[in-house]
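No hydrogens, no waters, no symmetry mates; every other heavy atom, side chains included, goes into these values.
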Protein chains: 2
Amino acid sequence: MNTPIRRNTKQRAAISEVVQSLSNFHSAQDIHAELAKRGSTVGLSTVYRALAAMAADGDVDTLLRDDGETLYRQCADAAHHHHLVCRQCGATVEVDGPTVETWTQRIAAEHDFDDVSHTLEVFGRCAQCRAQG
Amino acid sequence: MNTPIRRNTKQRAAISEVVQSLSNFHSAQDIHAELAKRGSTVGLSTVYRALAAMAADGDVDTLLRDDGETLYRQCADAAHHHHLVCRQCGATVEVDGPTVETWTQRIAAEHDFDDVSHTLEVFGRCAQCRAQG
DNA sequence: ACTGATATTGACAATCGTTTTCATGTAGGG
DNA sequence: CCCTACATGAAAACGATTGTCAATATCAGT
Ligand SMILES: [Zn+2]
Ligand SMILES: [Zn+2]
Ligand SMILES: [Zn+2]
Ligand SMILES: [Zn+2]
């Protein structure tokens with residue numbers, strides 16, 4: 001019922017460090033592999049648990065891929081925002097959408113919906129990837 | 001390389017009929033169970049394949065749940081639109097967002113992104129569920 | 001209708017991301 | 001230092017989805 005207390009462990013520190021060093025969205029398994037590459041021996045379950053906790057605490061952002069895989073990213077902006085992601089290379093830009101936020105509220109009110117939340121992601125091809133093609 | 005030809009089978013007809021009869025989003029397994037309940041003996045693999053094909057052809061809409069499960073729905077509007085979904089009962093309203101569409105384009109242009117698409121879903125609690133508590 | 005090329009089906013196994021289990025280790029307040 | 005709740009990790013379990021493949025059905029062309 002009450003929020004569980006988080007402890008500071010070497011594993012979580014290592015995971016957090018890796019996530020911060022990766023600029024784009026990455027899967028739990030990606031991060032686990034990267035940890036291994038850097039000599040860390042954190043267990044895969046721990047990576048999953050830590051990332052889930054970080055996401056629950058709002059410390060990292062999540063992105064659901066079409067195939068259901070969850071990706072994580074350490075964003076610069078802690079406040080609510082959305083993402084513009086390159087389908088090809090994964091380059092990610094944090095974007096703000098005040099227009100969308102108000103639209104969401106209005107739509108919900110119009111249909112008498114309460115306690116509203118939303119998910120919004122924009123995908124495309126970045127300039128760099130277009131140049132290569 | 002070329003688009004595969006679709007054949008009209010009793011199984012697909014049955015699946016399509018069930019999807020149309022369910023007003024909200026439902027999983028492939030839900031639909032398979034409903035088919036069984038109605039006496040149909042369509043295989044689960046067939047249900048998955050048919051729904052994927054229908055989604056690819058734009059005949060049904062899909063919704064990715066947080067846990068990665070894919071839900072399907074037969075929408076009245078064939079054109080691009082979004083959904084306002086009740087978290088509790090699943091009641092779904094099709095909504096149009098011209099504001100969001102233009103915002104998306106603008107954001108993409110500002111960051112020099114090409115070939116843009118987006119996903120947007122709004123969740124909340126409908127009036128009926130609020131009344132109950 | 002008959003035929004043949006090819007798409008479709010379905011029972012089952014396999015895949016794969018994620019969660020659970022549970023015995024052991026550890027953080028951190030008192 | 002001690003205690004206890006939380007965290008870890010190896011392995012097994014889970015669950016949605018996809019692959020396999022032999023048998024079957026569709027449908028365009030004759
Ligand atoms: Zn790119
Ligand atoms: Zn928003
Ligand atoms: Zn729809
Ligand atoms: Zn849209």
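Nucleotides of DNA chain D nearest to A:A50 and B:G68 differ in position, and the one nearer the 5' end is that of A:A50. Residue-to-nucleotide proximity on DNA chain C shows that, of A:L71 and A:K10, the 5′-proximal contact is made by A:L71. Of the residues near DNA chain D, A:G43 and B:A28, the one whose nearest nucleotide (by heavy atom distance) lies more toward the 5' end is A:G43.
Taking atom CG of residue B:D66 and atom C1' of nucleotide C:dT19, one finds them 16 Å apart after rounding to whole Å. Rounded to whole angstrom, the span from the CD1 atom of B:I5 across to the P atom of D:dT26 amounts to 16 Å. Residue A:E69 contributes atom CD, which lies 14 Å from atom C1' of D:dA16 at whole-angstrom precision. The distance between atom CZ of B:R7 and atom P of D:dA28, rounded to the nearest whole Å, is 9 Å. Distance, B:L44 CG to C:dA13 C1': 14 Å, rounded to whole Å. In this structure, B:R6 atom CZ and D:dA28 atom P are separated by 16 Å, rounded to whole Å. Between the OH atom of B:Y48 and the P atom of C:dA14 there is a distance of 19 Å, given to the nearest Å. Atom-to-atom, CG of B:D67 to P of D:dC14 comes out at 17 Å; the value is rounded to the nearest Å.
Among D:dT17, C:dT18, C:dG10, the nucleotide with an atom closest to any side-chain atom of A:T70 is C:dT18.
Contact of the A:V122 side chain with the A:V95 side chain is not registered, since no non-hydrogen atoms from C-beta on lie closer than 4.5 Å.
One finds no side-chain N or O of B:R49 lying less than 4.0 angstrom from the OP1 or OP2 phosphate oxygen of D:dT17. A close approach under 4.0 Å does not occur between any side-chain nitrogen or oxygen of A:Q29 and OP1 or OP2 of C:dC16. Note on B:T9: every side-chain N or O is 4.0 Å or more away from OP1 and OP2 of D:dA25. Residue A:Q11 places at least one side-chain N or O under 4.0 Å from the OP1 or OP2 atom of D:dG9. Contact between the side-chain N/O atoms of A:S45 and the OP1/OP2 oxygens of C:dT20 is not found at any separation under 4.0 Å.
A salt bridge is defined here as a Lys NZ or Arg NE, NH1 or NH2 lying under 4.0 Å from an Asp or Glu carboxylate O, and B:E121 with B:R65 fails to meet this definition. Note on A:D115 versus B:R125: no salt bridge recorded, every NZ/NE/NH1/NH2 to OD/OE distance being 4.0 Å or above.
Taking the centre of each ring, B:H80 and B:H118 come in below the 6.0 Å mark.
Under the 4.5 Å side-chain heavy-atom criterion for grouping Ile, Leu, Val, Met, Phe, Trp and Tyr, B:I107 is connected to A:V93 within one hydrophobic cluster.
Residue-level contact check: B:N8 touches the backbone only, with heavy atoms under 4.0 Å from sugar-phosphate atoms and none from bases.
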